[in-house]
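Heads up: the structure comes next, in structure tokens.
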Amino acid sequence: MRKNLFILLLAMGTAALSPAHAGTWAQADAYSPREDWAYGADTATYPALAGEPAVWALGDLDKVGTGGGEAHSGVPGPCTYCWSAETMAQAFAAVNASSGWLKAGAVARYSGGADAMAQFTDTLNFGAGSVHWDLNLDTFRHQGVEGGGELTFEMAWLTGDPDFPFETFLSLLVTSDGFWQLNAFDDFSTGAEFTGMHVEHDMFALFPYSRDLVVTLRTRADCTNSFVETDCSAEMDATHSAYLGLTGDFSSSNGYGYLGLSAPSSVPEPTTLMLSLLGLAALARRRGRADR
């Protein structure tokens with residue numbers, strides 16, 4: 001779909017945006033409230049990762065309560081997001097603002113749950129001219145058996161108003177059964193099976209101005225309410241998903257690139273290999289190390 005609109009954008013959305021952190025942000029949590037187990041990582045808690053254009057986080061929990069979490073700068077390597085039959089929950093989130101992509105995945109089994117969120121913020125400086133937006137979201141694996149999950153992807157302007165902090169101009173919701181609904185600029189659409197999305201938009205300005213952009217991808221997989229644990233599984237795998245490209249009369253205050261589908265990525269297709277994330281005792285939450 002393609003729309004030509006002026007700079008006034010209407011607020012719309014299907015889900016609330018996460019609180020915005022300056023720059024890049026990745027958060028991943030794997031948990032079982034029934035067993036009181038929880039592991040995860042949040043890049044915003046590590047000063048060493050502040051200002052890094054690319055960060056990722058991982059949370060992992062197996063069915064006997066062993067798990068862990070880690071947060072890093074850079075692009076994740078092969079089989080960062082992998083699981084086995086022993087996995088109860090796993091969450092993964094990555095963002096590379098230098099290229100303009102975000103990725104997230106969540107899987108849950110037994111009584112587990114997983115939440116993953118990738119986000120970046122930037123001040124865009126527009127000239128008196130036009131800017132072309134090109135957003136691509138790949139199709140991705142989604143399923144829920146006795147469990148559920150969802151994906152949300154949102155782009156918004158930060159308003160500076162604490163009562164209404166976000167002016168959302170694109171919002172996508174996909175559920176674990178494939179149902180989707182999209183609010184994109186002045187269009188609303190729905191479907192029974194999500195097979196990817198491509199949105200183009202031309203923005204025109206008569207004079208230079210600046211606005212603060214926040215882009216958020218979130219996935220959730222949930223088996224925490226399952227009555228028959230052994231039959232529950234849920235997955236929302238968007239580890240190949242969102243690519244934002246911008247061309248035209250603009251600049252990024254953070255020096256980010258908006259390369260769209262030309263952005264490189266080394267996040268692989270998930271396999272059944274087991275992550276070597278060994279945790280401490282159950283009932284504990286371990287935050288991983290922050291690497292530069």
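For reference, positions follow the sequence shown, starting with 1.
- Between Leu217 and the choices Leu172, Leu102, Thr152, the side-chain contact (heavy atoms from CB on, under 4.5 Å) rule is met once, by Leu102.
- Between Phe250 and Phe126, the ring planes lie tilted relative to each other; the angle falls in the 30° to 60° range.
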Show your working on side chain to side chain contact (heavy atoms under 4.5 Å, CB included) between Cys223 and Glu146 and close with a plain yes or no. CA-CA 7 Å; Cys223 280; Glu146 299 295 329; over 6 Å; no
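- Counting only distance, with no hydrogens or angles, the side chain of Asp161 and the backbone of Asp163 share a donor-acceptor pair below 3.5 Å.
- Between Tyr243 and Lys103 there is a side-chain heavy-atom pair separated by less than 4.5 Å.
- At least one donor-acceptor pair under 3.5 Å links the side chain of Thr24 to the backbone N or O of Glu52.
- If you check the side chains of Thr123 and Asp212, you find a donor sitting under 3.5 Å from an acceptor.
- In this structure, Phe120 and Tyr258 have tilted ring planes: the angle between them lies in the 30° to 60° band.
- Side-chain contact between Asp115 and Gln27 is absent, with no heavy atoms from C-beta onward closer than 4.5 Å.
- For the residue pair Asn136 and Asp134, a side-chain donor N or O sits within less than 3.5 Å of a side-chain acceptor on the partner.
- Taking CE from Met197 and OG1 from Thr139, the interatomic distance works out to 12.0 Å, rounded to the nearest 0.5 Å.
- Judged purely by atom type and a 3.5 angstrom limit, Asn254 has no side-chain atom pairing as donor or acceptor with the backbone of Tyr256.
- With hydrogens and angles ignored, the 3.5 Å screen pairs a side-chain donor or acceptor of Tyr39 with a backbone N or O of Gly65.
- Aromatic rings from Trp133 and Phe169 are positioned such that their centres are separated by under 6.0 Å.
- Proximity of Gln119 to Val95: side-chain heavy atoms (C-beta onward) are nowhere separated by under 4.5 Å.
- In the model, Ser130 has no side-chain atom that pairs as donor or acceptor with a side-chain atom of Asp202 under 3.5 Å.
- The backbone N or O of Gly113 sits nowhere less than 3.5 Å from a side-chain atom of Thr224 that would complete a donor-acceptor pair.
- Between the side chain of Ser99 and the main chain of Asn96, no donor-acceptor pair closer than 3.5 Å is present.
- When side chains are defined from C-beta on, Val174 does not count as touching Leu137, because their heavy atoms never get closer than 4.5 Å.
- Looking at heavy atoms from C-beta onward, Lys63 lies out of side-chain contact with Arg109 at the 4.5 angstrom threshold.
- Checked against the 6.0 Å centroid criterion, the rings of His142 and Phe194 do not qualify as a close aromatic pair.
- Contact annotation: the side chain of His72 never approaches that of Thr43 to less than 4.5 Å [non-hydrogen atoms, C-beta and beyond].
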Apply side chain to side chain contact (heavy atoms under 4.5 Å, CB included) to the pair Tyr46 and Val55, showing each step before the final yes or no. CA-CA 11 Å; Tyr46 297 105; Val55 295; over 6 Å; no
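- Under the 4.5 Å side-chain contact rule for hydrophobic residues, Val145 and Phe179 do not share a cluster.
- Inspection of the Asn125 and Ser253 side chains reveals an N or O donor paired with an N or O acceptor under 3.5 Å.
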Could you please spell out the steps behind the side chain to side chain contact (heavy atoms under 4.5 Å, CB included) verdict for Trp157 and Leu213? CA-CA 5 Å; Trp157 303 118; Leu213 174 71; 3.9 Å; yes
Could you go through Thr216 and Trp25, starting from their C-alpha distance and side-chain angles, then the distance that decides it, and tell me whether this counts as side chain to side chain contact (heavy atoms under 4.5 Å, CB included)? CA-CA 9 Å; Thr216 306; Trp25 184 22; over 6 Å; no
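- Inter-residue side-chain proximity for Met236 and Arg220 is flagged as unmet; no heavy-atom pair is nearer than 4.5 Å.
- Residues Leu170 and His201 have side chains not in contact (no heavy-atom distance under 4.5 Å, counting atoms from C-beta outward).
- Once rounded to the nearest 0.5 Å, the distance linking CG of Leu173 with CH2 of Trp180 reads 11.0 Å.
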